[in-house]
Amino acid sequence: MPQRTVLIVLFDGVQSLDVTGPLEVFAGAEKRRPGSYRIRTASLDGAPVRTSSGLTLVPDAALTGEGDPHTLLVPGGQGTRLPDPDLTEWLRAHGPRAERLVSVCTGAVRLAQAGLLDGRRATTHWAYCDSLARNHPAVDIDPDPIYVRDGHIATSAGVTSGIDLALALVEEDLDRETALTVARHLVVFLRRPGNQAQFSAQLAAQTARREPLREVQRWITEHPDTDLSVEALAARALLSPRHFARAFHAETGMTPGRYVDRVRLEHARRLLEDTADGVEEISRASGYGTPEAMRRAFVKALGAAPAEYRRRFRPTAPAR
C-alpha cells in the first residue's frame with residue numbers, strides 16, 4: 001500500500017483544533033498501520049504561526065518547498081477573514097495537483113478564494129455559510145451537513161467535524177477497523193455520517209423569549225411521542241393556533257412543524273444509536289406512529305433507512 005502524504009496548511013489566525021484534530025486522526029492511523037501516512041505541516045514561508053487562541057505552531061517546512069501531496073488539508077480560523085493573496089495564489093497553483101483536497105471549517109473560504117470550489121457542492125461552519133454563498137455564487141453551499149464529498153474535494157463544517165471527516169477518510173484509505181480503533185483512542189464515536197446535521201434541533205432553533213413558548217419547546221423535546229400538532233401546542237401556550245404559529249416562527253426562526261420534525265428525527269437517531277430497541281418501538285417512542293413513517297423521514301433527511309442508519313452508525317462494542 002503506497003504511503004499517502006498529508007500536507008496541512010498553516011497561517012496566522014488558524015483555528016488550532018482544525019489543525020490538531022485531523023492531524024491526530026491521521027497520526028493515530030499511522031501508528032496502527034505504519035507506512036500509511038506521512039504527515040507534514042507547512043506555512044507559506046516556513047515561519048511559526050500564531051493560532052486564533054494564541055498558541056504558536058512551528059511548521060515542518062515552507063509550502064514553497066513541499067511537493068504535491070496526496071491530501072492537501074486547509075484548516076479554518078479567524079485568519080481566513082483577511083485576504084492572503086500569496087496563499088491564495090499558492091492554493092490556486094497547487095490545489096488541483098493534490099489527489100484529495102480537504103478543508104475544515106472556514107478553510108473552505110480559502111479554497112473558494114482560489115477558485116477551487118467553483119461548480120462544487122461544499123459546506124463550512126454554519127455561521128459562515130451565507131457569506132460564503134454570497135461572496136462565491138459559483139459554489140453550491142449546503143449549510144446542513146457536517147461534511148460534504150464532491151469528487152476528490154471534501155469540505156467539513158465547524159471545528160470537531162474535521163475529526164469526523166478525517167475518520168471517514170482513514171476508513172476509506174485503510175479500513176473500518178483502523179478508523180474505529182483511532183476513534184476509540186480519541187474517545188469519539190465513529191458514527192456521525194456526513195449528512196448528519198451540524199447541530200441539534202434545540203441548537204438550530206433560537207430559544208423563544210416568552211416563557212409560554214419556551215415551555216412549548218421543552219415539552220416538544222421531552223414528549224416527542226405525544227400530539228404535537230399546532231392546535232395542541234397552541235393550547236399549551238394559551239394562544240390561538242394562528243397566533244401561536246406566527247409567534248413561534250418569529251421567536252425561534254423555525255415553524256412549529258419543522259421544529260417537531262427535527263426533534264423527532266433527533267430522538268429516533270439517538271435511540272437507534274444508543275439502544276437495542278426495535279424499529280417499531282422506536283417509531284412509536286419518537287412520535288412517528290409507524291415504522292414506514294419513520295423510514296420516510298429518515299430517507300428524506302439522512303438518505304438512509306433506520307435499519308441501515310443503525311447498521312452504519314451505531315458504535316461497535318470494543319472486543320473484550
Side-chain angles (χ1 to χ4, degrees), residues 15 17 105-106 123-134 141-147 156-161 164 188-189 191-193 195-275 277 281-290 293-302 306 309 313:
Q15 161 68 250
L17 194 55
C105 196
T106 53
T123 193
T124 187
H125 190 290
W126 60 268
Y128 299 94
C129 284
D130 286 346
S131 62
L132 183 57
R134 185 170 56 253
I141 302 299
D142 189 339
D144 289 329
I146 60 172
Y147 60 82
S156 60
V159 197
T160 57
S161 62
D164 294 290
V188 297
F189 287 123
R191 69 181 187 187
R192 291 212 296 176
N195 56 359
Q196 181 167 318
Q198 288 194 29
F199 36 56
S200 69
Q202 289 76 19
L203 289 177
Q206 305 166 35
T207 300
R209 295 188 302 274
R210 284 181 281 178
E211 177 56 32
L213 297 181
R214 288 200 302 271
E215 171 57 30
V216 166
Q217 287 181 290
R218 288 193 291 267
W219 175 264
I220 293 170
T221 302
E222 294 169 3
H223 303 86
D225 58 335
T226 59
D227 178 8
L228 299 179
S229 63
V230 169
E231 291 74 17
L233 296 176
R236 294 197 64 83
L238 302 179
L239 298 171
S240 71
R242 185 176 180 180
H243 186 189
F244 167 77
R246 187 167 56 247
F248 190 94
H249 185 272
E251 295 200 16
T252 68
M254 192 176 294
T255 66
R258 183 164 175 76
Y259 188 80
V260 168
D261 288 345
R262 289 198 174 192
V263 168
R264 283 177 167 161
L265 184 70
E266 189 173 311
H267 187 263
R269 249 190 30 239
R270 287 199 187 114
L271 292 179
L272 287 168
E273 293 170 355
D274 299 333
T275 76
D277 295 347
E281 183 179 355
I282 290 174
S283 67
R284 290 196 303 269
S286 303
Y288 288 109
T290 67
M294 187 169 84
R295 188 193 71 80
R296 288 197 300 268
F298 265 67
V299 170
K300 180 180 178 181
L302 302 175
Y309 181 91
F313 304 119

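All values below were derived from every heavy atom in this structure, side-chain atoms included, with hydrogens, water molecules and symmetry-related copies excluded.
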Quiz prompt | For His249, ring-ring contact (aromatic ring centres under 6.0 Å, His included) partners two or more places apart | solution = none
Quiz item: If you measure from CZ on Arg218 to CG on Leu213, what distance do you get to the nearest 0.5 Å?
Solution: 10.5 Å
Quiz prompt | Distance-minimising heavy-atom pair for Arg264 and Ser286 | solution = CG-O, 2.9 Å
Quiz item: Near Tyr128 OH, under 6.0 Å, is it more than 12 heavy atoms from other residues, nucleotides or ligands?
Solution: no
Self-check item: Under the salt bridge (Lys or Arg N to Asp or Glu O under 4.0 Å) test, residues paired with Arg258 that sit two or more places apart
Solution: none
Quiz item: When rounded to the nearest 0.5 angstrom, what distance separates OG1 in Thr160 from CD1 in Ile146?
Solution: 8.0 Å
Quiz item: For the residue pair Pro256 and Phe244, what are the closest heavy atoms and their distance?
Solution: CG-CE2, 3.7 Å
Practice problem: Side-chain contact test, heavy atoms from C-beta onward, threshold under 4.5 Å: evaluate it for Leu302 versus Tyr309 and give yes or no. | Solution: yes
Self-check item: Reported CG-to-NE2 distance for the pair Leu271 and His267, which is rounded to 0.5 angstrom
Solution: 4.5 Å
Exercise. For Thr123 and Ala157, indicate whether the former's side chain and the latter's backbone hold a donor-acceptor pair under 3.5 Å.
Key: no
Practice problem: Taking all heavy atoms of Trp126 and all of Pro143, pick out the closest pair and write down the distance. | Solution: CB-O, 4.5 Å
Self-check item: Arg269/Glu266 ion pair, N-O < 4.0 Å
Solution: no
Quiz item: Which residues satisfy the salt bridge (Lys or Arg N to Asp or Glu O under 4.0 Å) test with Arg210, sequence neighbours excluded?
Solution: Glu251
Practice problem: Mind checking ring-ring contact (aromatic ring centres under 6.0 Å, His included) for Tyr288 and listing every partner two or more places apart, or none if nothing turns up? | Solution: none
Side-chain donor-acceptor distances from residues 227-239 under 3.5 Å, at least two apart:
from   : atom 1 : to     : atom 2 : distance (Å)
Asp227 : OD1    : Ser229 : N      : 3.0
Asp227 : OD1    : Ser229 : OG     : 3.0
Ser229 : OG     : Ala232 : N      : 3.2

Exercise. Could you grab the distance from atom CG of Leu272 to atom CD1 of Ile282, nearest 0.5 Å is fine?
Key: 4.0 Å
Quiz item: Below 4.5 Å, heavy atoms only, C-beta onward: do Thr290 and Ser283 meet side chain to side chain?
Solution: no
Quiz prompt | Between OG1 on residue Thr255 and CZ on residue Arg246, distance to nearest 0.5 Å | solution = 14.5 Å
Quiz item: Could you state the interatomic distance from NE2 (His125) to OG (Ser131), rounded to the nearest 0.5 Å?
Solution: 11.5 Å
Quiz prompt | Any residue meeting salt bridge (Lys or Arg N to Asp or Glu O under 4.0 Å) with Glu222, in chain and number order, not counting sequence neighbours | solution = none
Self-check item: Considering all heavy atoms, the nearest Leu265-Ala301 contact
Solution: CD2-CB, 3.5 Å
